[in-house]
2 protein chains.
Amino acid sequence: MNDSVEIRPRRRKAGRTGCAVEATLSVMGGVWKPVLLFHLLEGKLRFNALCRLTPSATARMITLQLRELEADGIVSRTVFPEVPPKVEYALTDLGLSLAPVLLSMRDWGKQFQELEPA
Amino acid sequence: MNDSVEIRPRRRKAGRTGCAVEATLSVMGGVWKPVLLFHLLEGKLRFNALCRLTPSATARMITLQLRELEADGIVSRTVFPEVPPKVEYALTDLGLSLAPVLLSMRDWGKQFQELEPA
DNA sequence: CGGAATCCCATCCGATACTG
DNA sequence: CAGTATCGGATGGGATTCCG
């Protein structure tokens with residue numbers, strides 16, 4: 001399956017293109033990462049719980065996004081060796097430091113939803 | 001060119017999927033919108049100025065993103081009828097209300113860049 | 001339960017050329 | 001200067017199936 005060729009795609013694309021905002025986006029860019037992180041603000045969650053909280057994303061996408069967040073040190077993944085399997089995701093300290101960003105996004109979204117009757 | 005068929009793609013996808021964060025992302029989601037908006041926080045900018053401030057994006061993408069932001073009432077576009085042409089982009093009041101989100105993103109990115117020597 | 005692998009089509013987006 | 005038009009390759013991501 002693996003041709004032993006480390007692909008490593010466009011990761012770290014905008015690590016420091018000069019703009020601090022791009023650095024943030026290199027970590028939490030994408031449509032679902034902020035949503036996943038926001039849900040994790042309230043505490044650790046199992047995989048299926050995250051799926052239920054994010055119905056607009058497929059399980060596949062949630063897996064991929066979580067893997068990237070894990071690789072960036074934003075979330076931790078704990079596997080409990082039991083049957084049936086149980087995996088818990090939680091924010092790391094670094095992930096927790098994103099709280100101000102996530103909360104301001106939630107606040108703005110709440111305001112926006114109120115003035116958008118559509 | 002136009003078959004008079006309003007396509008209107010996946011816009012308004014996550015207007016109110018229940019999660020306020022998704023509502024915010026439906027407006028400022030995407031890789032370059034936050035960057036463009038952040039630059040506009042400091043005042044109105046001409047098209048080429050935005051291009052210079054966002055070298056990682058092509059002019060084409062900047063145009064498209066600005067058009068979406070304009071349609072969502074986040075930025076305004078002012079054309080000056082002179083030669084050579086001159087177009088200025090600025091935040092609307094609604095766009096300005098995104099400042100807390102943009103600033104917290106900048107703050108986090110700055111911190112992140114400092115502890116990332118790479 | 002929590003994934004990984006594969007298929008495969010829709011779209012994104014860069015490059016290029018042209019315009020008022 | 002500030003775009004638009006078009007093409008074509010790359011990518012994204014949904015659906016499905018299978019596995020420990």
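To find a chain, count down the sequence lines: A is the first, B the second, and so on, and within it residues start at 1. Worth knowing before you read on, the calculation uses all heavy atoms, side chains too, and leaves out hydrogens, waters and symmetry mates.
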Mind checking if P84(A) touches a base, just sugar-phosphate, or nothing, with heavy atoms under 4.0 Å?
sugar-phosphate

Residue set satisfying salt bridge (Lys or Arg N to Asp or Glu O under 4.0 Å) with K86(A), at least two apart, ordered chain then number -> none

Separation of dG13(D) C1' from W32(A) CH2 (nearest whole Å)
7 Å

Nearest-angstrom distance from the residue atom NZ of K33(A) to P of dG12(D):
11 Å

Any sub-3.5 Å donor-acceptor pair from T24(B)'s side-chain atoms to M105(A)'s backbone N or O?
yes

What is the separation between atom CG on L64(B) and atom C1' on dA5(D), rounded to the nearest whole Å?
12 Å

Measure the angle between the two terminal helix axes of the helix from dC1(C)-dG20(D) to dG20(C)-dC1(D), five base pairs each, and quote it to 10°.
60°

Quick one: L50(A) CG to dG3(C) C1', roughly how many Å, whole number?
14 Å

Any idea which heavy atoms bring R46(B) and E88(B) closest together, and the distance?
CG-CG, 4.1 Å

Map T58(A) and P85(A) onto DNA chain D by nearest heavy atom, then report which one ends up closer to the 5' terminus.
T58(A)

Among V75(B), V27(B), L96(B), V101(B), exactly one meets side-chain contact (heavy atoms from CB on, under 4.5 Å) together with L37(B). Which residue is that?
V75(B)

Quick one: is dG3(D) close enough that its OP1 or OP2 comes under 4.0 Å of any side-chain N or O from Y89(B)?
yes

Does the side chain of S56(A) reach to within under 4.5 Å of the side chain of E22(B), using non-hydrogen atoms?
yes

Starting from C1' on dG3(C), measure out to CD on E82(A) and report it in whole angstrom.
16 Å

Looking for any heavy atom pair under 4.0 Å, which part of the strands does F80(A) touch: base, sugar-phosphate only, or nothing?
nothing

Where the side chain of N48(B) is concerned, which of dG3(C), dG14(D), dA2(D) is the nearest nucleotide?
dA2(D)

Under 4.0 Å between any heavy atoms, over every strand shown, what does R46(A) touch: base, sugar-phosphate, or nothing? Just pick one.
sugar-phosphate

Taking atom P of dG2(C) as reference, at what distance in whole Å does atom CD of E70(A) sit?
15 Å

Whole-Å distance, K86(A) NZ to dG3(C) C1', equals 17 Å

dG2(C) phosphate, OP1 or OP2: any side-chain N/O from R77(A) under 4.0 angstrom?
no

Let me check something: do L41(A) and F112(B) share a hydrophobic cluster, defined by ILVMFWY side-chain heavy atoms less than 4.5 Å apart, either directly or through other members?
yes

Look at the side chain of R60(B) and the base of dT16(C), then say whether one donor and one acceptor between them are separated by less than 3.5 Å.
no

Passing option when Y89(B) is tested against L66(B), I62(B), L45(B) for side-chain contact (heavy atoms from CB on, under 4.5 Å)
L66(B)

Atom CE of M61(A) and atom C1' of dA15(D) are separated, to the nearest Å, by 14 Å

